[in-house]
Number of protein chains: 2
Amino acid sequence: MRELCSPLALAPEEMRQLDRVACNRNRIRKRDSLFWPGDPFTALYAIRLGTFKTVVLTEDGREQITGYHMAGEIIGLDGIGNDRHASQAVALEDSEVCVLPFDLLDELAHNVIALRRNLYRFISNDICRGQSMMLLLGSMRAEERLARFLLNLAQRFQTLGYSSSEFVLRMTREEIASYLGLKLETVSRLFSRLQEEGLIQVQGRAVKLLDSTALKRLVGERC
Amino acid sequence: MRELCSPLALAPEEMRQLDRVACNRNRIRKRDSLFWPGDPFTALYAIRLGTFKTVVLTEDGREQITGYHMAGEIIGLDGIGNDRHASQAVALEDSEVCVLPFDLLDELAHNVIALRRNLYRFISNDICRGQSMMLLLGSMRAEERLARFLLNLAQRFQTLGYSSSEFVLRMTREEIASYLGLKLETVSRLFSRLQEEGLIQVQGRAVKLLDSTALKRLVGERC
DNA sequence: CGCACGGTTGACCTGTATCAAGCCGGGTGG
DNA sequence: CCACCCGGCTTGATACAGGTCAACCGTGCG
């Protein structure tokens with residue numbers, strides 16, 4: 001548990017207090033949901049293991065994946081605002097989360113300045129993530145979107161201690177497409193094209209980044 | 001000042017405390033910026049008067065407008081996460097803001113539960129706004145995007161006590177286009193088309209919603 | 001073993017972008 | 001006070017990225 005909360009940078013004594021809060025783990029099976037849109041908001045969830053997607057829906061049934069979340073990240077933040085979750089969180093593989101009841105968390109935040117600040121921080125980071133997604137969806141071409149997606153995954157795998165150049169996607173082409181505001185055929189074609197160009201190697205969901213420099217150039221990064 | 005903080009739902013006594021925090025007003029002239037990307041984060045800003053756009057940039061200079069903000073709203077929330085603002089906030093007309101130094105705000109939040117909760121709430125609402133924008137940018141057609149934009153503005157004007165069916169846009173076609181992930185010519189054509197169809201009446205930036213029911217149907221709302 | 005789901009690929013279509021020309025209205029300087 | 005100019009807007013013609021429809025494949029799961 002502790003390592004999960006290390007991003008919160010607490011003193012050991014505060015850690016013990018937090019342990020009271022985050023006592024209960026929870027296993028979520030692949031395809032099961034942690035919460036649904038409209039569910040009353042009671043807790044945040046710290047992902048210990050596995051991967052989740054968050055999804056929002058239109059009235060007429062279309063859906064948009066708004067995020068992929070891996071171990072060490074916290075989800076459910078969108079529920080604080082109006083005491084109901086706005087999105088759905090679905091496990092992409094068998095996963096495990098810590099339930100962080102928000103009342104307890106807030107009570108603790110009352111005393112522990114560092115925790116309060118870090119709560120703000122987490123929520124605010126989600127805002128920034130949203131802004132980058134708007135940038136991506138609003139003004140980037142398809143190829144650039146996919147390249148960014150891959151580089152972002154690579155970086156996150158790296159911070160988790162996995163290879164940043166070789167990994168297995170947890171999501172289908174259709175899910176990638178939804179996230180990137182494209183159609184699944186387009187994503188499939190893009191994978192093939194990037195492979196032809198020698199930038200990546202794809203075999204189903206197994207991806208190897210062969211030329212990250214070129215990928216970064218694709219997304220307009222100065223190298 | 002007080003009416004601005006009324007969404008925070010404070011007791012009168014707490015109000016007085018908050019007055020200490022939000023003492024200083026600030027006039028911002030049209031086209032001037034409240035903060036720039038990279039600026040150190042020190043405060044939130046409560047808009048008293050006027051309109052702002054928030055903008056994020058790519059390394060290679062493209063820009064995406066991520067939000068329009070009117071009186072009563074709070075901006076700058078994206079800065080909390082890493083102590084630097086990620087976006088730029090530009091006044092679309094002569095405006096006035098209250099500066100809310102975050103240190104003071106947080107200190108006060110330590111004591112006042114309601115304020116703490118409402119801080120969370122504000123930030124979280126921004127996340128939800130981001131999610132709806134992803135939905136819009138990722139899976140809606142151009143006409144639907146514009147219709148949603150207009151209906152959203154209408155509703156916000158209404159809550160400010162202005163007409164919800166007749167208002168003057170503060171932004172150019174190009175700014176609307178950026179926000180909606182389109183090009184200015186497309187936005188212009190859409191305005192013309194909605195007018196031909198009798199749903200709205202446009203004269204430059206003056207807009208009148210003639211058939212909100214049809215507009216809502218356009219965005220897939222059951223009526 | 002076979003079926004169903006996920007993925008690839010091709011042919012064609014269309015919504016939106018792009019390029020280009022002209023208009024309108026309001027602010028400025030003569 | 002008028003003429004001009006410029007930024008913002010509209011509209012048309014054309015291009016193209018990505019969507020749609022359809023056929024087929026492979027593979028892993030029951």
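Note that the coordinates shown come from a computational prediction; the quantities given were computed from them, not determined experimentally.
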B:His69 side chain to B:Thr54 side chain, donor-acceptor N/O pair below 3.5 angstrom = yes
5' to 3', nucleotides 25-30 of chain D under a 4.0 Å protein heavy-atom cut-off (B base, S sugar-phosphate only, - none) gives ------
Distance in angstrom units between B:Arg170 CZ and D:dG8 P, rounded | 17 Å
What is the distance from CZ of B:Arg205 to C1' of D:dC9, rounded to the nearest Å?
-> 10 Å
Test item: B:Arg173 side-chain N/O and B:Gly204 main-chain N/O as donor-acceptor pair under 3.5 Å | yes
Ignoring hydrogens and angles, tell me if any N or O in the side chain of B:Ser139 forms a donor-acceptor pair with the backbone of B:Leu135 under 3.5 Å.
-> yes
Neighbour count above 12 (heavy atom, 6.0 Å) for B:Arg27 CZ | no
Is the A:Tyr120-B:Tyr120 ring centre distance short of 6.0 angstrom?
-> yes
Pair A:Tyr179 and A:Phe149, ring centroids less than 6.0 Å apart = yes
Strand-adjacent residues in residues 131-147 of chain A, judged by heavy atoms under 4.0 Å from DNA chain D = A:Arg141, A:Ala142
Under 4.0 Å from any atom of DNA chain D, heavy atoms only: list the residues of residues 177-194 of chain B that qualify, in numerical order.
-> B:Leu184, B:Glu185, B:Ser188, B:Arg189, B:Ser192
Outermost DNA chain C nucleotides near chain B [under 4.0 Å, heavy atoms] = C:dG15 to C:dC19
A:Ile65: which of A:Val56, A:Val55, A:Leu180, A:Ile176 passes side chain to side chain contact (heavy atoms under 4.5 Å, CB included) | A:Val55
Non-hydrogen atoms of [X] and [Y] that approach each other most closely:
{"X": "B:Arg48", "Y": "B:Cys98", "result": "CD-SG, 3.7 Å"}
{"X": "B:Gln88", "Y": "B:Pro37", "result": "CB-CD, 3.6 Å"}
{"X": "A:Ser124", "Y": "B:Gly81", "result": "OG-N, 2.9 Å"}

Partner of A:Ser87 under side chain to side chain donor-acceptor pair (under 3.5 Å), chosen from A:Asp78, A:Asp39, A:Thr66 = A:Asp78
Residues pairing under ring-ring contact (aromatic ring centres under 6.0 Å, His included) where one sits in residues 76-99 of chain A, two or more places apart or in two chains, turn out to be A:Phe35-A:His85, A:Phe41-A:His85
How would you list all residue pairs meeting side chain to side chain donor-acceptor pair (under 3.5 Å) that involve residues 149-169 of chain A, not counting sequence neighbours?
-> A:Glu73-A:Arg156, A:Asn152-A:Arg156, A:Ser163-A:Ser165
